[in-house]
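Lettering follows sequence order; numbering is per chain, from 1.
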Amino acid sequence: MMTSPRSELLAGIKAEIPITLGVLPFGLIYGVLAVSAGLPPTLAIASSSIVFAGSAQFIGAQLIGASTPMLVIWLTTFIVNLRHLLYSTSLAPQTTHLSRPWKWFLAYLLTDEAYVVTVLHYQDEKIPLQHKHWFWVGAGLTLWVTWQLSTATGVFFGTQLPASWSLDFTLALTFIGMVVPLCRERPNLAAALSAGLVAVFTFGWPYRLGLMTAALAGIAAGVIVENRQRRKERRV
Amino acid sequence: MNLWLIIIGMGVITYAIRLSMIVMSGQIQLSDQLQRALRYVPPAVLSAIILPEMVQPGGTLDLSLGNERLLAGLIAILVAWFTKNMIWTVAVGMIALWILQAINL
């Protein structure tokens, strides 16, 4: 199959567009929530290009609203975004032929939503590796533009909506929309339930350290249940 | 201002994680066990935020029917389970919360 930077770029854009439909409301909600949490509108908008990671931005805005100390916010960001280590690991072997500036640029675009389509594209061995990174750029930039536009729109509306609308609850609802479908798999369910319960019991801990404790408990529960499943499968 | 520093720090941390393995490709290997553990970060972290938002809206545990966020959250969980659709989940959950708040006034 013949490819060019242009054809790969367009393919990346095309693959990302359906995903942006789900990202649009998420960005809108983030914009609204960030403003209601007390972020100045310029900072709320800037955070979408500085951080460029939806769930971390959501949690960061919530923690800022609760006057959490800076170091705890950074530590929480680290844990929340650790999953990107997986993406970085999985795509690293495909970037060894690229120059350093390319690697730095591609890493900036490595979001959940861009990774999902990019990793599938790399797995297609009929397509030569030569221009595949342009697909990554197409998918990544499409998401970037969507995220900036939807966030900015949300910030604009957020400054005009009254607090009595309880719009801060959209955060929990968005996360429910992300987690519940995952819970059809047992280890995910175990991770979610354990983390949730520990979070409730450690809620009073200072500096929101209960959140991190809960996350670690959930990860441990997921691994334990998965290991048990594997052992069972081996016995069958 | 301090808030800018917080956001810039969050950006640096996020970018460093994304860049790490790409820049050091081949030099470091994550163990299989660690890779598997990382997959449970999203359900664990998100759920650790959701549940307190539902059962401790004012900071104290409230499992009564008067807790609108608990009921609206449970309704949203059902919607998410059956539709797997983000927009429906948020929309129904918010409308449920507004109705419950109006009733409980």
Quiz item: Where does A:F169 contact chain B at under 4.5 Å (heavy atoms): side chain, backbone, both or neither?
Solution: both

Return all side-chain donor-acceptor pairs below 3.5 angstrom for residues 214-221 of chain A, not counting sequence neighbours, or 'none' if the list is empty.
none

Quiz item: Considering only heavy atoms, which portion of B:L19 lies under 4.5 Å from any heavy atom of chain A: side chain, backbone, both, or neither?
Solution: both

Practice problem: Among the options B:I22, B:L51, B:N85, B:I8, pick out the one with the most heavy-atom pairs lying under 4.5 Å from chain A. | Solution: B:I22

Quiz item: What parts of residues 56-66 of chain A touch chain B if we use heavy atoms and a cut-off under 4.5 Å?
Solution: A:A56, A:Q57, A:I59, A:G60, A:Q62, A:I64

Ignoring hydrogens and angles, write down the donor-acceptor pairs under 3.5 Å from the side chains of residues 179-196 of chain A, residues two or more places apart or on other chains.
from, atom 1, to, atom 2, distance (Å)
A:R184, NH2, B:W81, O, 2.3
A:N188, ND2, A:L182, O, 3.2
A:S194, OG, A:A190, O, 2.5

Quiz item: Relative to chain B, which segment of A:L109 carries a heavy atom at a distance below 4.5 Å: side chain, backbone, both, or neither?
Solution: neither

Exercise. Please flag which part of B:I17 lies under 4.5 Å from any non-hydrogen atom of chain A: side chain, backbone, both or neither.
Key: both

Quiz item: Below 4.0 angstrom, N of the basic side chain to O of the carboxylate: do B:R69 and B:D62 qualify?
Solution: no

Quiz prompt | Option that, when pairs with chain B are counted at under 4.5 Å, heavy atom only, ranks first among A:L24, A:I50, A:L43 | solution = A:L43

Practice problem: Mind ranking B:A80, B:A48, B:G11 by heavy-atom pairs under 4.5 Å with chain A and telling me who comes out on top? | Solution: B:A48

Self-check item: Part of A:T202 lying under 4.5 Å from any heavy atom of chain B
Solution: neither

Quiz item: Would you say the ring centroid of A:W136 lies under 6.0 angstrom from that of A:W102?
Solution: no

Quiz item: With B:V55, which of B:T60, B:L70, B:I50 fulfils side-chain contact (heavy atoms from CB on, under 4.5 Å)?
Solution: B:L70

Self-check item: Separation between CG of A:L129 and NE2 of A:H97, rounded to the nearest 0.5 Å
Solution: 4.5 Å

Pair up each side-chain donor or acceptor in residues 71-81 of chain A with any protein partner under 3.5 Å, not counting sequence neighbours, and list the distances.
from, atom 1, to, atom 2, distance (Å)
A:W74, NE1, B:I6, O, 3.0
A:T76, OG1, A:V72, O, 2.6
A:T77, OG1, A:I73, O, 2.7
A:N81, ND2, B:T14, OG1, 2.8

Exercise. Measure B:L61 against the heavy atoms of chain A and call it side chain, backbone, both or neither at under 4.5 Å.
Key: side chain

Quiz item: Would A:S90 and A:Y122 count as having a side-chain donor-acceptor pair, cut-off 3.5 Å?
Solution: no

Practice problem: Could you pull out the closest heavy-atom pair between B:I7 and A:V51, with the gap in Å? | Solution: O-CG2, 3.7 Å

Self-check item: Interatomic spacing from OG1 in A:T89 to CE in B:M21 - rounded to 0.5 Å
Solution: 4.0 Å

